[in-house]
Structure formats: C-alpha cells, structure tokens
Amino acid sequence: MLESKNGMKDGLLNSIKAGPPALLELSSKITALVVDDNTLNQTIHHRLLDNLGIQNQVVGNGKEAVDVHCSGKNFDLILMDMDMPVMNGIEATRKLRSMGIRSLIAGVSARSAEKEKQEFIEAGLDDYQEKPLTTIKLASILHKVKKDG
Amino acid sequence: MERNQMHRQVSVMRQSLFDQGYLDEQFIQLEELQDDANPNFVEEVVTLYYRDSSRLILSIDQALERNPLDFNKLDTYMHQFKGSSTSIGAKKVKAECTQFREYCKAGNGEGCMRTFQQVKKEYTILKRKLEAYFQQARQVGPSETACRPRN
C-alpha cells in the first residue's frame, strides 16, 4: 500500500500501482515523450513516469518533439512544456496535430495566466496541468490515455 | 546508540526545513520518487537546481546593471528561477521570486533590485541548509533518505 496523505490520494495512486488489473496493465504499456528545455524538469518528469512503469523518452524543445515523430516514433502520451527555445509548446502542439498525431498531449506549464493557458489548450491539448507535475496530476492525465486494441 | 542519535538528528534537521518554511510539499513529492534503485534522486535534483540557479542569478545580476532595465527579460529569467524553485519545493525562494515579478510587471526597478537581494539571501540560506542536511544524511546511510518519515 502506498503511503500518502489522505484517502483520496491512496485510492488514486493505488489504482495505478496495484488497483484493477486493466489500469495496472495500461500504465505499464503506455509510452510517453517528455518535452521540456529545463534539465531539472526533464529529470523529475522522467522519474515520475519511470516510477509508474511508463517507458519514456526526453527531448529538449518542440522541434525535437516534431523530429522524433518524423523519424517514425509514436507515443501514447506527450508531456509538453510551454516555454521552450527553437519551437515552443504551442507551436509544437499545432504542428503535431497538423501531422495527424493523435497522442494525448498534456500541456505542463508554470504559466498561470488564463489567456496564455487558453492559447495553449486551443493549439490542440487534451489536458493541461500546472507545474510542478506530481504523481497525482500524472495519474489524472493517465486516466485519459486510451490504448487501441 | 550513536547511530540512532544520528538518525534522529537527520530527521530533526529535515523537519525543521519544513517547520521554518524553507521547504514545502513539493520536496516530499521528490522524496517519494526516491527508492533503492534511485537512492540519491533528491540530492541529484537539488544539485541540478543549484546549477540552474547559479546561471540565472548571474544573468539577473547582469540584467539589473543595464540602463534602462529590460523588465521583460528580467521577468523571463525570474519566471525560470521561480519555476525551478517551485519544482524542488523551495518555498521562501519562490515567494521572493513572486515578489520580484510583481515589481517587474509594475516597472519598479528599485523594487526589483531590493527584492533580488532577498531572493539571493533566501537561496543562499536554503542551499547551506540543504547541503548540511544531505551531508548528514549521507553519513547516516542511504536508508535514511529513502525511508523518510512523513511530514
């Protein structure tokens, strides 16, 4: 049983780690791409995903995210930062959607202004979470990930 | 007996960081990602934070010497610093970063300079306390940092 602060967190965390077989099986088969220019955030997000048994790759900006898809790779989940050099999260999300990428794209940003958040969402996000990302926030994103077959 | 005392000391040091408002819940989130396979995860992340912070502090110091001040650039740097500070749970540093950004939005150069001194002060204090904590924790052994008591 995972230690946590309250019953609600227990239920959510345990549903990922030790809950219904379908959900456990889901998290261990999900692949993810972390898109963030900050090494600290890359490290934390990579570890968060690892901790849930999710195979993941890390890239440093939106252009690298697009390039990795152009190379033929695909991911169930993309954690997309907003502010990045070369190509930011908004541009990258638009580009990926125009390429026909149907992955679940979750915007992860420290920006809290409603207007900036709205622009990011309208670029094609399926979810938006404010940084810092936590296991609870990630679990809520994962509930939205659908696996084909 | 001495080892138990050291364990208690580390525990007390850790708790004081929360009680005195230097760290918040986010630090606990990082601790929860530490395990036998990643026994030094928190310290590794905090070391990355120091590296990021040094670079940003230097950039902000240089930007504050310019005349006129570029408040957009200052805000951008501080947004990054605040983000990193938030990611490791650096509560007091984060609060000072927020204040700095308020002064940036208001175009208040004096306020920015004054607050930046506070940002650096809080950062220096936190760095010193965390370095002392991790040094003690290392002496006690990896099990102490991996199996931390709940806040």
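What's counted below: heavy atoms across the whole structure, side chains too, no hydrogens, waters or symmetry copies. Chain A is the first sequence line, chain B the second, and so forth, proteins listed ahead of strands; every chain is numbered from 1.
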Next on the checklist: I'd like to know if the side chain of R47(A) reaches the main chain of L33(B), judged simply by a donor and an acceptor atom lying under 3.5 Å from each other, with no hydrogens or angles considered.
Outcome noted: yes
Checklist entry - Any side-chain donor paired with an acceptor under 3.5 Å for N41(A) and S87(B)? => result yes
Check for me, please, whether [X] and [Y] land in the same ILVMFWY cluster - side-chain distances under 4.5 Å, paths through other members count.
{"X": "F75(A)", "Y": "M87(A)", "value": "yes"}
{"X": "V34(A)", "Y": "V66(A)", "value": "no"}
{"X": "L138(A)", "Y": "I30(A)", "value": "yes"}
{"X": "V93(B)", "Y": "V45(B)", "value": "yes"}
{"X": "V86(A)", "Y": "L33(A)", "value": "no"}

Next on the checklist: Would you say that more than 12 heavy atoms from the other residues, nucleotides or ligands in this model lie under 6.0 Å from the NZ of K92(B), or not?
Outcome noted: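 Yes, NZ of K92(B) has more than 12 neighbouring heavy atoms, counting only those of other groups under 6.0 Å.
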Next on the checklist: Is it the case that over 12 heavy atoms from other parts of the model lie below 6.0 angstrom from the NZ atom of K120(B)?
Outcome noted: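 More than 12 within 6.0 Å, yes.
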Next on the checklist: Checking E32(B) against N51(A) for the side chain to side chain contact (heavy atoms under 4.5 Å, CB included) test, could you report, in this order, the C-alpha distance in whole Å, the side-chain angles of both residues, the deciding distance, and whether it holds?
Outcome noted: CA-CA 9 Å; E32(B) 289 184 354; N51(A) 196 41; over 6 Å; no
Checklist entry - Out of curiosity, L48(B) CG to T43(A) OG1, how far, rounded to the nearest 0.5 Å? => result 4.5 Å
Checklist entry - Between NZ of K137(A) and CD of Q29(B), what distance do you get to the nearest 0.5 Å? => result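 If I round to the nearest 0.5 Å, the distance is 9.0 Å.
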Item to check | Qualifying residue, where the test is side-chain contact (heavy atoms from CB on, under 4.5 Å) with L40(A) and the options are S84(B), S85(B), S53(B) | outcome: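 Only match with L40(A) under side-chain contact (heavy atoms from CB on, under 4.5 Å): S84(B).
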Item to check | From T86(B), L30(B), I88(B), residue fulfilling side-chain contact (heavy atoms from CB on, under 4.5 Å) relative to P132(A) | outcome: T86(B)
Checklist entry - Which atom names give the shortest non-hydrogen contact between L133(A) and Q26(B), and what distance separates them? => result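 Closest heavy-atom pair between L133(A) and Q26(B): O-NE2, 4.3 Å.
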Next on the checklist: Using heavy-atom distances under 4.5 Å, tell me whether D50(A) contacts chain B through its side chain, its backbone, both, or neither.
Outcome noted: neither
Item to check | Check against side chain to side chain contact (heavy atoms under 4.5 Å, CB included), T134(A) and E25(B) | outcome: CA-CA 10 Å; T134(A) 62; E25(B) 157 76 25; over 6 Å; no
